[in-house]
Amino acid sequence: MATVQTTTLTDRKAIISGLNDEQRSAVETTEGPLLIVAGAGSGKTSVMTRRIAHLMNRGDDVDPWNILAITFTNRAAREMNERVEQLVGEAASDMWICTFHSMCVKILRREAERIGYQNNFSILDADDQVSTVKQSMLDLNYDLKKFDPAVVQWKISAAKNELLTPREWKRAGRKSLIDSVAATVYTEYQAKLVSSNAMDFDDLIFRTVDLFLTHPDVLKLYQQKFRYIHVDEYQDTNRAQYKLVRLLSDRHRNLCVVGDSDQAIYRWRGADISNIVNFERDYPEAVVIKLEQNYRSTGTILDAANAVIQNNSQRKDKRLWSAKGEGEKLAIYAALDQSDEAVYVIAKVQEHVANGGQFSDCTVLYRANAQSRAIEEAFLQAAMPYRIIGGMTFYDRREIKDVMAYLKALANPQDEISLLRICNVPKRGIGEGTIRRLLDFAHENELTLLEAMGRAQEAGLVGGAAETVQNFHTLIQGLHDMQEGMSVTDLLQQTLTRTGYRDMLETSHKEEDQNRLENIRELSTVTRSFDRRRRGALADFLAETSLLFDTDKETGKTDNAVRMMTMHASKGLEFPVVFMIGVEETLLPHARSLDTIEGVEEERNLCYVAITRAREKLHLTYCAERSLFGQCQLNDPSRFLSEIPPALTERSGADLQVQIRWGVGLSVRHPQFGVGVVTDLAGSGDDLELTITFSSRHGTKLVKPKLTRLRVIDGQ
DNA sequence: ACTTGCCGCATTTTT
DNA sequence: TGCGGCAAGT
């Protein structure tokens, strides 16, 4: 069966060329469980892809379809696919190199009937999830002010990540009020999903595990198929994903996981670090290989990263090193405020470009999306090309969601959630009351919402309302019936025209609606490319797009612009020049992570991830004064900054205030009281208190420099 | 049924 | 500071 090997790499030498000893041994240790502890930038993707090539090349009976490689992001999956293809050619297309979620969709599409679903099931996006939870809570007469649907949704998601059914969740342990509410809502929510023939992201994993547990024959099939299993970013797996991997690998036990617990930054999302920590306990025969040589960053950057991460407790000792040489020192800039911070970034980017660099070499990393605004404004003003990665994405846009909801409703007529979203968009006069009546009628008679709409009069609707609903039903039914044999692009066009959606935007005079039209046009280029690749299968198109984040597309572009993204979004990427902005207490570490040690340590991991993105030069900035949500804050520099050995850094900036020697006679400017002169000193350190005489209007005040933004006036 | 205005709130978010 | 959700008004 080894005839499929159209391998472009023919011998072992080529596969292992350029690898260090550890990497080579990771590539060649193919049998049994293997844990690769891969530090940042240690070439793990290279190791994974070559390992797969090696398996193909061994000359025994391993077939491409015996290979499974699971990643978390589409970007990682695509990258790995490309690189494997370069190594083994055509054979790559028979391997499963995909994300957890797309793997589960593939399996569930085949086996849906076995677990009470149809194979055209819908997939809810994050928004659908919250609105469905909300709907469930309304049905159960919960006060939405007392219990936040988003929190309830969060809890349900957490339960699913732990593979807990509503009943088990209810039973499990001590519960606060919101937990018991969530448990009740969970039941209702799940019933809604099932009757809509829909799954949320968490279900994709959960249901697959469920399928395997209840259908040993199916499990056996996949266990036999996947002889060699690889899991990337293993530190980010949650309980459900762990179970899934365990089940799949149970037969051959050729499980290779790659991860780095120092880069675990998704615990708040259910990622369970003990999965990687306990790997050796789960698989006593496991081989562990550490990759500590970093091929990305300068020695200085790595020293800083090592120094910071060392402050975390309970980590396995690991020390990244580089053969790249020392490189430049880290630049730490103390800004006065956000605009000063932005000006610094702009100046340094311009400097880099003036020295022959590209804008696209530079990336600005921040902790929270809200921070991007100040930088963005400054970039606009300075006419600096930039591109924001993440944040509001293409598929988050309302018009895209609306249109996708139409398509979802056409692919899966049971999809109540999508139908509810679009039945009155554009406005047709189908309001709250009408919907209520239809839903009640549907439930009483065990009909889907769409079916109920087809019997508007029976449902008790009268006159205009009945007619509108009936018309809507005819509209959807008509579109549904025509989809057979039609390309997704054509169906999209028909939908836009017949539903009046396009018309609604075209006749609008609002500028944002023109943008929306533009976005919809963009969507049809997406459908066209899908149609070119694969004909028909609307459900496949929908699954593909709902599992695909816009960020994935963006990073593929090579336009010459400064990138801006959150530190989370930067994981797995690398850039020659990195700016970490807002390296302040309450931002990094974030105020909401301060109450637990684990919280702070995860923030430190995030800091470590951000630092290790930089190849050549790293800038860290913080502001003495930051206005957030219109309020002025005085933040201390991040504790993580003080964990970096001073010898590795070069400080600059306005605020060297900590070192200012306060003395009588010094002239200062106070943000409220204006210019004044220090007339007395009391206390020391953080408690230092100055007596300052301002203009006669304000008189003499006691001021703590620690708490107030004072500027020393030069030339005095 | 739809529009307007006010209040409150505001991490990170691979899928 | 700016957006989204909700309640009162047309």
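Any value given below was found using the heavy atoms of this structure, including those in side chains, with hydrogens, waters and symmetry copies removed. Each chain gets a letter, A, B and so on, in the order its sequence line appears, and its residues count up from 1.
Comparing A:T566 and A:R428 by the nucleotide of DNA chain B that holds the closest heavy atom to each, the one mapping nearer the 5' end is A:R428.
Smallest separation of non-hydrogen atoms from A:A378 and A:A342: CB-CB, 3.4 Å.
With A:Y117 as the aromatic partner, A:R109 does not meet the cation-pi criteria of under 6.0 angstrom to the ring centre and within 45 degrees of the ring axis.
The CG-P distance, from A:L594 to B:dT12, rounds to 15 Å in whole Å. In this structure, CZ of A:F100 is placed 21 Å from P of B:dT13, rounded to the nearest angstrom. When the C1' atom of B:dT13 is taken as reference, atom CG of A:D125 falls 13 Å away, rounded to whole Å. The CZ atom of A:R436 sits 13 Å away from the P atom of B:dA1 (whole-angstrom rounding). Atom NE2 in A:H101 sits roughly 16 Å away from atom P in B:dT13 (whole-Å rounding). A straight line from CG of A:D127 to C1' of C:dC3 spans 14 Å, rounded to a whole angstrom. Put simply, NZ on A:K160 is 13 Å from C1' on B:dT15, counting in whole angstrom units. Rounded to an integer number of Å, the gap from A:I581 CD1 to B:dT12 C1' is 15 Å.
Base engagement by A:Y266 is indicated by at least one non-hydrogen atom pair under 4.0 Å involving a base atom. A:G572 comes within 4.0 angstrom of no nucleic acid atom, judged by non-hydrogen atoms across all strands. A:E432 comes within 4.0 angstrom of the backbone, heavy atoms only, and of no base.
Ion pairing between a basic and an acidic side chain is recognised when a charged N comes within 4.0 Å of a carboxylate O; A:R78 and A:E82 show no such pairing. Taking 4.0 Å as the cut-off between side-chain N and carboxylate O, A:K571 and A:E233 count as a salt-bridged pair. Salt bridge status for A:R592 with A:E603: absent, with no side-chain N to carboxylate O gap under 4.0 Å. Look at A:D402 and A:R516 and you find no salt bridge, because none of the NZ, NE, NH1 or NH2 atoms lies under 4.0 Å from a carboxylate O. At a threshold of 4.0 Å, the pair A:E512-A:R398 does not count as salt-bridged, since none of the basic side-chain nitrogens sits closer than that to a carboxylate oxygen.
For A:F201, the side-chain atoms get nearest to B:dT15 when compared with the rest of B:dT11, B:dT13, B:dT15. Side chain of A:H568, nearest nucleotide from B:dT3, B:dT11, B:dT13: B:dT13. Checked against B:dT11, B:dT15, B:dT3, the side chain of A:A368 finds its nearest nucleotide in B:dT11. Closest to the side chain of A:R269, out of B:dT3, B:dT13, B:dT11, is B:dT13.
For B:dT11, the O4'-C1' to base torsion is within 90° of 0; the nucleotide is therefore syn.
Counting atom types as modelled, A:R367 pairs a side-chain N or O with a base atom of B:dT12 as donor and acceptor under 3.5 Å. Side-chain N/O atoms of A:R75 and base N/O atoms of B:dT15 include no donor-acceptor pair closer than 3.5 Å.
In this pair, A:H590 lays its aromatic ring flat on the base of B:dT11, centres within 5.5 Å and planes under 30 degrees apart.
For the pair A:S196 (side chain) and A:A198 (backbone), a donor-acceptor distance under 3.5 Å is absent.
Phosphate contact (OP1/OP2 of B:dT12, side-chain N/O of A:N369, threshold under 4.0 Å): present. Not one side-chain nitrogen or oxygen of A:N424 sits closer than 4.0 Å to the OP1 or OP2 atom of B:dA1. In this model, the phosphate group of B:dA1 is approached by a side-chain N or O of A:T434 to a distance below 4.0 Å at OP1 or OP2.
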With 3.5 Å as the limit, what N/O pairs link the protein to nucleotides 4-8 of chain C?
unit_1: C:dA7; atom_1: OP1; unit_2: A:K145; atom_2: NZ; d: 3.3

